[in-house]
> 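One structure follows; several queries about it will come next.
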Amino acid sequence: MQMLFSGMFIPTLKENPQEAEIISHRLMLRAGMIRKLAAGIYSYLPLGFKVLKKVENIIRSQMNSAGAQELLLPTLHPRHLWEETGRWNEYGKEMLKVLDRHKREFGLGPTHEEIITDLARREIKSYRQLPLILYQFQTKFRDEIRPRFGIMRCREFLMKDAYSFDKDAEGLAKNYDKMYETYNNIFTQCGLEFKLVEADPGLIGGSVSHEYMVLADTGEEELLTCQKCDYAIKAKAEHNLTSCPKCKGKFASIRGIEVGHIFQLGTKYSDLLKANFLDENGKQTPFVMGCYGIGVSRIVAAAIEQSHDDDGIIWQMPIAPFEVLILPISIADDKIMKVSGELYKKLKKEGIDVVLDDRDEQAGVKFKDTDLIGIPIRITVGTKTIKENNVEIKLRKDKNSFKEKISETPCKVKELLKNMK
RNA sequence: CGGGGCGUGGCGCAGUUUGGCUAGCGCGCCUGCUUUGGGAGCAGGAAGUCCCCGGUUCGAAUCCGGGCGCCCCGACCA
């Protein structure tokens, strides 16, 4: 597929829209990644969607490596299933509800314990089919009390939710650990700086639960982190700790954005929904379950909160919408366009996610947009450097650029990419 | 839901206090020419239910009443 900037739908904005206050919201609007339809309801434009997909793919490959299997569950949930667990009322106003033509009630799925457990009770009959981890990427609906911060807290958002089924607590502990590790890998691979904290299971239920917090000043959650080890705890959790219980180090107060939450559910849902299998002794036994969520769309916002400057977004390579942007200073100059076009083809051939800014705009406009959108590697092809058979390479995160021989550029870019992944 | 703020071409705003003539500015958009290394210059042009409904008035973006929408602070969450 040709990635020519001129043909792409990336409506960038020069000014800050007044509707947006926090940085990620402002920058996503300005970079042409998202547009608002209503409060807490957003469209993802091609650039935003591309980033979302990159995050999704990182999660998918890690989940698959952990042996989890992807499926897709329905969005419309019949009322009776949620009544079986008592959550039709318990979840209350947060669940959006709809009627069909026969006036039957459905909820728009805010989470899928009921659905997956119903599937398990119908299909998993024997301990021989366990353990099992199933997951999906799906749009979730939650009628939040107060949607805010753009994509950060939405009424409609993309979530990865996984559910594990085991024959006993030991199996659950194993799967939980596996997911715990997998989540660490996922957030690390996304290039995020994060902390793990113990959490309150809340409405989802269960006993053990951990949250993954991306560190950012605008985070909604206040955390206490140990300055010596990596221990962290929610500030509002009920405790009287003045120093780290692990190493007695001092606490520092920081803020975090919750991007992932894992739970040991135990038999809460399998009991309520009578989801049983036959164990080795031929005895009906409830599944021992865990559930594991990641706010995919929220990761995108959190990544921006964590990495930006006055000029715009600074993407970490693995989730950048493009890895490389080639910026010809003038499209009227045949030599510049020839070099740019050839470079583009070569990088493309190497499987590099490259875009050519072939727009008939002033150089300044292109520079500003590249910075705003936050492409990690920029290759500028200009009259001055081209005479010496050079191009200029600049990393978004660095202040200064450097020159590189045109012929060496593909190699150099490959090397840079290797170091930045 | 309680508290605060906002609503005027696509975006950012002025005008509203003290009602008045054709609703204005910057950016963006279209056409042409000139420019071309950090958001260009000149000329011409398109684009508006001034959030909606009702009221007051000779006359309403502006005053009054009601409603809706959006943002921020609190409870909620991935």
Side-chain angles (χ1 to χ4, degrees), chain A residues 11-22 25-26 29-30 32 35-41 55 59 91-95 109-112 137-162 183 186-187 194 199-204 209-214 218-221 234 236 256-263 291-302 310-312 327-333 336 359-372 378 380-386 391-392 394 401:
Chain A
T12 57
L13 303 172
K14 223 161 151 178
E15 284 171 294
N16 284 322
Q18 55 100 275
E19 72 180 55
E21 208 151 291
I22 70 159
H25 190 194
R26 281 212 303 253
L29 286 166
R30 285 195 52 205
R35 285 295 182 263
K36 182 178 68 190
L37 180 61
I41 304 176
V55 174
I59 298 172
Y91 224 91
K93 288 185 178 166
E94 202 142 322
M95 181 145 63
T111 178
H112 285 236
F137 289 95
Q138 204 205 32
T139 299
K140 297 288 193 264
F141 294 87
R142 292 184 189 177
D143 199 359
E144 291 281 345
I145 300 172
R146 184 156 82 87
R148 58 184 148 162
F149 301 154
I151 234 68
M152 196 79 83
R153 176 183 295 284
C154 272
R155 290 193 287 175
E156 182 179 333
F157 63 96
L158 184 64
M159 176 163 154
K160 188 261 1 176
D161 48 327
Y183 272 40
I186 288 168
F187 299 124
F194 65 97
D200 172 14
L203 254 187
I204 306 283
S209 158
H210 287 91
E211 287 175 23
Y212 292 77
M213 300 292 209
V214 166
T218 42
E220 292 184 83
E221 194 74 49
K234 283 179 155 188
K236 79 174 177 197
I257 300 163
E258 183 186 346
V259 291
H261 199 159
I262 58 178
F263 304 78
C291 77
Y292 316 89
I294 292 181
V296 183
S297 38
R298 185 177 279 181
I299 283 181
V300 178
D310 290 345
D311 293 318
L327 196 155
I329 284 299
S330 167
I331 68 159
D333 186 317
I336 288 180
R359 290 177 299 166
D360 187 10
E361 290 285 355
Q362 285 206 243
V365 173
K366 298 190 191 184
F367 285 132
K368 289 287 182 188
D369 273 345
T370 315
D371 288 346
L372 175 63
R378 183 185 82 198
T380 308
V381 186
T383 19
K384 296 169 195 164
T385 45
I386 206 173
V391 292
E392 179 189 286
K394 183 178 173 302
S401 60

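Everything quoted here is computed from the prediction, not taken from an experiment. Throughout, protein chains are lettered first and strands after them, A, B, ... in sequence-line order, and every chain is numbered starting at 1.
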> RNA chain B: A:E21 or A:E258, which has the more 5' nearest nucleotide?
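Taking each residue's closest nucleotide, the earlier one in sequence belongs to A:E21.
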> Check whether the side chain of A:E392 and the base of B:rG37 form a donor-acceptor pair under 3.5 Å.
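When only heavy-atom distances are counted, A:E392 does reach the base of B:rG37 through a donor-acceptor pair under 3.5 Å.
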> For B:rA40, take OP1 and OP2 only and decide whether either is under 4.0 Å from a side-chain N or O of A:Q362.
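Result: yes.
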> Under 4.0 angstrom, heavy atoms only, what part of the nucleic acid is A:V259 near: base, sugar-phosphate, or nothing?
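Sugar-phosphate: the residue A:V259, judged by heavy atoms under 4.0 Å, touches backbone atoms but no base.
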> Looking only at non-hydrogen atoms, find the nearest pair between A:V55 and A:V296 and report the distance.
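Smallest heavy-atom distance, with atoms named: CG1-CG1, 3.9 Å.
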> Checking base pairs now: Watson-Crick or wobble, both atom distances under 3.5 Å. What partners B:rC77?
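None - no nucleotide pairs with B:rC77, as no candidate has both distances under 3.5 Å.
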> Any strand is fair game: report the nucleotide pairing with B:rU31 by Watson-Crick or G-U wobble, both distances under 3.5 Å, or none.
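Here B:rU31 is engaged in a pair, and the nucleotide opposite it is B:rA43.
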> Between the base of B:rC77 and the side chain of A:R153, is there any donor-acceptor pair under 3.5 Å?
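A donor-acceptor contact between them is present.
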> To the nearest angstrom, how far is A:K368 atom NZ from B:rU36 atom C1'?
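Rounding to the nearest Å, NZ of A:K368 and C1' of B:rU36 are 17 Å apart.
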> Sticking with atom P, work out how far B:rU17 lies from B:rG7, rounded to a whole angstrom.
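Approximately 14 Å lies between the P atom of B:rU17 and that of B:rG7.
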> May I have the distance from A:I186 (atom CD1) to B:rA78 (atom C1'), rounded to whole angstrom?
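Spelled out: CD1 on A:I186 to C1' on B:rA78 is 13 Å.
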> Within the modelled atom types, does a donor on one side and an acceptor on the other bring the side chain of A:R30 and the base of B:rG39 under 3.5 Å apart?
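A donor-acceptor contact between them is present.
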> Start at the 5' end of RNA chain B and walk down; is the nucleotide closest to A:I151 or to A:D360 reached first?
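With A:I151 and A:D360 compared, the 5'-side residue is A:D360.
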> How would you label the contact of A:F149 with the nucleic acid (heavy atoms, under 4.0 Å): base, sugar-phosphate, or nothing?
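Answer is sugar-phosphate: A:F149 comes under 4.0 Å of backbone atoms only.
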> Identify whether any heavy atom of A:D369 sits under 4.0 Å from a base atom; if not, whether one sits that close to sugar-phosphate; answer base, sugar-phosphate or nothing.
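Base, at least one base heavy atom under 4.0 Å.
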> Would you call A:E156 and A:R142 a salt bridge, taking side-chain N to carboxylate O under 4.0 Å as the test?
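Answer for the salt bridge query: no.
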> What does A:G382 touch in the nucleic acid at a heavy-atom separation under 4.0 angstrom: a base, only the sugar-phosphate, or nothing?
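Counting heavy atoms under 4.0 Å across all strands, the contact made by A:G382 includes a base.
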> Identify the nucleotide, in any strand shown, that forms a Watson-Crick or G-U wobble pair with B:rC63, with both distances under 3.5 Å; if there is none, say none.
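Partner of B:rC63: B:rG55.
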> Taking any heavy-atom pair under 4.0 Å as a contact, classify A:K140: base, sugar-phosphate, or nothing.
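Contact class for A:K140: none.
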> What's the closest nucleotide to the side chain of A:H261 if the choices are B:rG39, B:rG37, B:rA78?
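Minimum distance to the A:H261 side chain belongs to B:rA78.
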> Taking B:rU62 as the reference, what is the distance to B:rA14 when you measure between their C1' atoms (whole Å, please)?
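Result for the C1' pair: 14 Å, nearest Å.
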> Is the backbone N or O of A:P147 less than 3.5 Å from a side-chain atom of A:R153, with the two atoms forming a donor-acceptor pair by type?
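Not confirmed, A:R153 side chain does not pair with A:P147 backbone.
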> Between B:rG38 and A:R378, counting only base atoms on the nucleotide and side-chain atoms on the residue, is there a donor-acceptor pair under 3.5 Å?
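Present.
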> Is A:E211 salt-bridged to A:K234, cutoff N-O under 4.0 Å?
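Result for this pair is yes, salt bridge flagged.
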> Provide, to the nearest angstrom, the distance between the CZ atom belonging to A:F367 and the C1' atom belonging to B:rU36.
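Going from A:F367 (CZ) to B:rU36 (C1'), I get 11 Å.
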> So what does A:T111 hit on the nucleic acid, given a heavy-atom distance under 4.0 Å: a base, only sugar-phosphate, or nothing?
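Since no nucleic acid heavy atom lies under 4.0 Å of A:T111, the category is nothing.
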> Should A:R146 be listed as having a side-chain N or O under 4.0 Å from OP1 or OP2 of B:rC1?
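Answer no for this pair, as no side-chain N or O of A:R146 is under 4.0 Å from OP1 or OP2.
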> How many whole angstroms separate atom NE2 of A:H25 from atom P of B:rC71?
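In whole Å, B:rC71 P and A:H25 NE2 are 7 Å from each other.
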> Taking the inter-plane angle between the rings of A:F187 and A:Y183 on a 0 to 90° scale, is it parallel (under 30°), tilted (30 to 60°) or perpendicular (over 60°)?
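Aromatic pair A:F187/A:Y183 classed perpendicular.
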> Base, sugar-phosphate, or nothing for A:E221, non-hydrogen atoms under 4.0 angstrom?
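Base contact.
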> When you compare B:rA40 with B:rU49, how far apart are their C1' atoms, in angstrom units rounded to a whole number?
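Those two atoms are separated by 36 Å.
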> Restricting to non-hydrogen atoms, name the atom on A:I22 and the atom on A:M152 that form the minimum distance, rounded to 0.1 Å.
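Scanning both residues, the minimum pair turns out to be CD1-CE, 4.1 Å.
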> Whom does B:rC70 pair with, Watson-Crick or G-U wobble, provided both distances fall under 3.5 Å?
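Check on B:rC70: paired to B:rG5, both distances under 3.5 Å.
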> As a test of reading the structure: which of B:rG37, B:rC71, B:rG39 is closest to the side chain of A:T383, going by heavy atoms?
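Given the options B:rG37, B:rC71, B:rG39, the side chain of A:T383 is closest to B:rG37.
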> Please state how far atom CZ in A:R35 lies from atom C1' in B:rC70, giving the value in whole angstrom units.
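Value for this atom pair: 16 Å.
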> Applying a 4.0 Å non-hydrogen cut-off, can you work out what A:T385 is touching in the nucleic acid: base, sugar-phosphate, or nothing?
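Result for A:T385 = base.
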> Between B:rU18 and B:rG10, how far apart are the two C1' atoms, rounded to whole Å?
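Those two atoms are separated by 34 Å.
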> Between the main-chain N or O of A:A20 and the side-chain N or O of A:R26, is there a donor-acceptor pair closer than 3.5 Å?
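Checking the backbone N and O of A:A20 against the side chain of A:R26, no donor-acceptor pair under 3.5 Å is found.
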> Checking all strands, does A:G364 fall into the base, sugar-phosphate, or nothing category for heavy-atom contacts under 4.0 angstrom?
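The answer is sugar-phosphate, as A:G364 gets under 4.0 Å only of primed atoms, P, OP1 or OP2.
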> Suppose we screen for ring-ring contact (aromatic ring centres under 6.0 Å, His included). Which residues come up paired with A:F157, at least two apart in sequence or across chains?
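Partners of A:F157 by the ring-ring contact (aromatic ring centres under 6.0 Å, His included) criterion come out as none, since no residue qualifies.
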> Rounding to a whole Å, what distance do you find between A:I145:CD1 and B:rC77:P?
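Roughly 8 Å, once rounded to whole Å.
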> What distance, rounded to whole Å, do you find between the two C1' atoms, one in B:rC50 and one in B:rC42?
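Pairwise C1' distance, B:rC50 against B:rC42, rounds to 32 Å.
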> B:rC13 and B:rC53: how far apart are their P atoms, nearest whole angstrom?
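The same atom, P, in both gives a distance of 25 Å.
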> For A:F157 and B:rA78, is the gap between ring centres under 5.5 Å while the planes differ by less than 30°?
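Here A:F157 meets both the 5.5 Å and the 30° conditions.
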> What verdict does the salt bridge (charged side-chain N to carboxylate O under 4.0 Å, His left out) test give for A:E15 and A:R30, after you've listed the backbone C-alpha separation in whole Å, the side-chain angles of each residue and the deciding distance to 0.1 Å?
CA-CA 7 Å; A:E15 284 171 294; A:R30 285 195 52 205; over 6 Å; no
> Under 4.0 angstrom, heavy atoms only, what part of the nucleic acid is A:E144 near: base, sugar-phosphate, or nothing?
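Result for A:E144 = base.
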> Quick one: is A:R148 getting a side-chain N or O under 4.0 Å of the B:rC73 phosphate, OP1 or OP2?
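For B:rC73, OP1 or OP2 has a side-chain N or O of A:R148 closer than 4.0 Å.
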> Please pick, from B:rG39, B:rG37, B:rC70, the nucleotide with the shortest atom-to-atom distance to any side-chain atom of A:A38.
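Of all the options, the side chain of A:A38 is nearest to B:rC70.
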> Expressed in whole Å, how much space separates the P atoms belonging to B:rG2 and B:rG67?
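Per the computed distance, 12 Å lies between those P atoms.
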> In the 5'-to-3' direction, what one-character label does each nucleotide of nucleotides 7-13 of chain B receive under the scheme B = base within less than 4.0 Å of a protein heavy atom, S = sugar-phosphate only, - = no such atom?
----BSS
> Distance check needed: B:rC71 C1' versus A:M152 CE, whole Å only.
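Taking atom C1' of B:rC71 as the reference, CE of A:M152 is at 15 Å.
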> C1' atom, B:rG9 versus B:rG28: distance in rounded Å?
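Going atom to atom, C1' in each nucleotide, I get 11 Å.
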> Calculate, to the nearest 0.5 Å, the distance between atoms CZ and CD belonging to A:F141 and A:E94 respectively.
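One gets 14.0 Å once the value is rounded to the nearest 0.5 Å.
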> Could you tell me whether the phosphate oxygens of B:rG39, OP1 or OP2, come under 4.0 Å of any side-chain nitrogen or oxygen in A:K14?
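Looking at the OP1 and OP2 atoms of B:rG39, neither is under 4.0 Å from any side-chain N or O of A:K14.
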> Going by the side chain to side chain contact (heavy atoms under 4.5 Å, CB included) test, name the single residue among A:I257, A:V259, A:I186, A:I294 that passes it with A:Y212.
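It is A:V259, the one option of A:I257, A:V259, A:I186, A:I294 that forms the side chain to side chain contact (heavy atoms under 4.5 Å, CB included) with A:Y212.
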> B:rU36 C1' sits how many Å from A:R359 CZ, rounded?
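After rounding, the gap between these two atoms is 14 Å.
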> Got a donor-acceptor contact below 3.5 angstrom from the A:R35 side chain to the A:L29 backbone?
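Answer holds: yes.
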